[in-house]
Amino acid sequence: MEAEYKELKLLKQSEKSTVYLVCSGERKYIRKVLAGQHPVYEVLRDNPHPGLPGLLEVTVSENSTTILEEYIEGQPLGTVELSKRQFSTVVKELCSVLTFLHQKGIIHRDIKPSNIMLTEEGHVYLIDFDIARMPREGLDQDTRQLGTRGFASPEQYGFSQTDQRTDIYALGTTLKLLLTKKTEKPHYRKVLQKCTNLDPDQRYRSVEQFQRAFFPTKRNLLWSCTAVCLSALIGICAWKLPALLNKETAGTAGKNVSLPALPMPENVHWNGETGIAEWDNVPDAKIGEEIQFHFRLYRQDTADTPNPEDDSLCYEALVRMGGKPADKDVLSWNVVKSLSENGLYYFTVSAAGDNIQFTDSPYAMSDVFEYTGEAAPPLPAPEGLAWRLVEKNNTRYYYATWSNLDDYEDNDTFNVTFYDETGTYVMNNTWPLYYIKQEGYGGIIIRSQFLVQGHKYRFTVQAYSSRPNEYSSSPMPDPVPEEYYSPWLIFGPPEEME
């Protein structure tokens, strides 16, 4: 291959892969050498699709996989504003290629704008199958936890084995980012919200099912009306059903008692003009050493309290807190990064049950917060990123620190994200400045159970404003440039810190 193809540029190099731009005559190609065996590329070579780069050569050896593939001229999705028609075409072509892949048993696992190339002709290509996999029977979870933070589904962090719904989650997250006033339709956000549900069982089961919901036809609408009529008929029939059930279930009391729900969080409100959500703790929501709450954010154009089931839902998360914050009487969550456009915002919060002693509590609705900072300047980026080793009670603790804490106010919040030497997300921790000061070590800790002896780690930091109508979050480009990362830490003795 070296004799036939001239290397033009080294595009990427890591312990996991080396990627070159090469050429043969006037034609350009991508040449990859990946560590380990990647048989998915052999399947793709033998099953071409117009939405995938063509594979000219695939060689799988005992320790590596070498690939020569078509070079796609275009721009990553998200760098060009789409018209309504272009957006519709992009969604349909992505559905086509994902349906094809899933029929072959291939799960991409890294769908994001930078892995979707848009050509000048307006067509899209899905690229980068380096962490793609084929689900295997008998596995409760993936053996390797990979993906891009912000797009990877919860199951990619070890909760269960990835499947079609994993790609549907990332597709929903990607399309949310592409929505604009030009491209949006009233039902889009509700459909995408279902795609990105934290529970895989609550998402669409297939790309075809998602596509039918995203592009409803007259036949779909007719079926919806029929379904309403059937529901009404079932409701009439169910009028006498309890009496029949009582006859069948007499004497079974106590054999299948439903769990009680946790108490609904109280005092749910915005903390003034900070863009910080607050609510009273529910101690019974503790699962292990953590407390967990379901959080939903809504945007309105009027001061009417939103319907929790309508399309105004714009953000959803499982809020997890451990350590000292889990024992606080009043909990807080900075959501400034999710305030994407001016408007009136509400949030709801529910205490998460463990489904052993308690089920989830009902959702409690907040008051209203008016956001006007859509064009606000960003906070300064954290500078002077460095590791700090602290020894307490014969135990080592590692803190992510930065040098310009004086540039921020006490309620400004910092999200530190940790990565290993392969670029894989490890964990993140979010603390407000006042808590960093209270701890007294000038930064945010990474829990030692996430570190492996001899491995390398680094981190990024983003500051979330507590004055959202004056300042937005500090910048954090995607992909993250090198200057936004800390130096490397080799997890081991203190003298090994770089």
Side-chain angles (χ1 to χ4, degrees), residues 154 157 159-160 190 193-194 196-203 242 249 252-300 303-310 312-336 338-339 344-369 411 413 428-432 434-435 438 447 464 466:
Y157 299 124
F159 295 106
S160 61
K190 192 168 186 177
Q193 198 61 44
K194 183 175 177 67
T196 55
N197 196 295
L198 297 175
D199 182 356
D201 290 337
Q202 299 301 315
R203 299 178 205 149
T249 59
T252 63
K255 294 184 180 178
N256 187 23
V257 179
S258 61
L259 297 176
L262 285 168
M264 185 168 64
E266 297 181 349
N267 195 24
V268 178
H269 65 282
W270 293 98
N271 180 357
E273 299 300 314
T274 64
I276 295 173
E278 292 189 341
W279 62 91
D280 289 352
N281 200 351
V282 178
D284 287 335
K286 206 160 191 180
I287 301 174
E289 296 301 313
E290 289 186 336
I291 51 170
Q292 299 186 8
F293 291 83
H294 301 292
F295 184 94
R296 294 174 175 174
L297 182 69
Y298 303 82
R299 181 195 169 279
Q300 298 281 92
D304 297 328
T305 303
N307 176 351
E309 303 302 324
D310 69 14
S312 64
L313 178 63
C314 58
Y315 171 75
E316 185 174 21
L318 178 65
V319 177
R320 303 170 60 179
M321 299 181 187
K324 294 178 182 178
D327 296 323
K328 293 172 63 177
D329 293 332
V330 178
L331 306 177
S332 61
W333 188 251
N334 189 321
V335 296
V336 169
S338 300
L339 305 177
L344 302 174
Y345 286 82
Y346 295 78
F347 70 90
T348 58
V349 63
S350 161
D354 59 4
N355 291 317
I356 299 173
Q357 293 179 292
F358 300 99
T359 59
D360 298 348
S361 79
Y363 277 89
M365 180 70 70
S366 74
D367 55 352
V368 64
F369 170 65
N411 280 318
T413 304
N428 71 297
N429 222 341
T430 305
W431 288 3
Y434 70 79
Y435 188 71
Q438 181 180 318
R447 301 175 192 173
Y464 299 165
S466 60

Requested in this report: Locate the shortest heavy-atom distance separating L331 from M321; write the atom from each residue and the value.
Outcome: CD2-SD, 4.1 Å
Query raised in the report: Are V349 and Y363 side-chain neighbours, meaning at least one heavy-atom pair lies under 4.5 Å?
Result: no
Report task. Could you tell me the separation between the OH atom of Y298 and the CG atom of N307, rounded to the nearest 0.5 Å? Result -> 8.0 Å
Query raised in the report: What's the spacing between N267 CG and S366 OG if we round to 0.5 Å?
Result: 11.5 Å
**Report entry** Beyond-backbone contact of V368 with Y345, side-chain heavy atoms, under 4.5 angstrom
**Finding:** no
Query raised in the report: For the residue pair S332 and Y434, what are the closest heavy atoms and their distance?
Result: OG-OH, 4.3 Å
Report task. Count the heavy atoms of every other residue, nucleotide or ligand shown that sit under 6.0 Å from CG of D367, and state whether that count exceeds 12. Result -> yes
Query raised in the report: Below 4.5 Å, heavy atoms only, C-beta onward: do T274 and N334 meet side chain to side chain?
Result: no
Would you give me the side-chain donor-acceptor pairs under 3.5 Å for residues 275-285, sequence neighbours excluded?
from	atom 1	to	atom 2	distance (Å)
E278	OE1	H269	NE2	3.0
E278	OE2	N271	ND2	3.1
N281	ND2	A326	O	3.0
N281	ND2	K328	O	2.9

Requested in this report: Could you pull out the closest heavy-atom pair between A303 and L344, with the gap in Å?
Outcome: N-CD1, 3.4 Å
Query - Validation row: M365, F347 side chains within 4.5 angstrom (heavy atoms) - result: no
Query raised in the report: Where is the tightest heavy-atom contact between C314 and R299, given as atom of each residue plus distance?
Result: SG-N, 4.1 Å
Query raised in the report: Got a sec, which residues hit side-chain hydrogen bond (donor to acceptor under 3.5 Å, both in side chains) with E316, two or more places apart in sequence or on another chain?
Result: Q193, R296
**Report entry** Residue pair P263 / S361, side-chain heavy-atom distance below 4.5 Å
**Finding:** no
Requested in this report: List in chain and number order the residues that pass side-chain hydrogen bond (donor to acceptor under 3.5 Å, both in side chains) with D360, two or more places apart in sequence or in another chain; answer none if no residue qualifies.
Outcome: H294
Query - Reported NZ-to-CG distance for the pair K194 and L313, which is rounded to 0.5 angstrom - result: 13.0 Å
Query raised in the report: So, T413 side chain and N411 main chain: donor-acceptor pair closer than 3.5 Å or not?
Result: yes
Report summary line: OG of S466 to CD of E273, rounded to nearest 0.5 Å, is 11.5 Å
Report task. Mind checking side chain to side chain contact (heavy atoms under 4.5 Å, CB included) for Q202 and listing every partner two or more places apart, or none if nothing turns up? Result -> N197, D199
**Report entry** All ring pair (Phe, Tyr, Trp, His ring centres under 6.0 Å) counterparts of Y435, not counting sequence neighbours
**Finding:** W431
**Report entry** Inter-residue atom distance R320.CZ - N428.CG, 0.5 Å rounding
**Finding:** 9.5 Å
Report summary line: Residue set satisfying side chain to side chain contact (heavy atoms under 4.5 Å, CB included) with S338, at least two apart, ordered chain then number -> L297, Y315
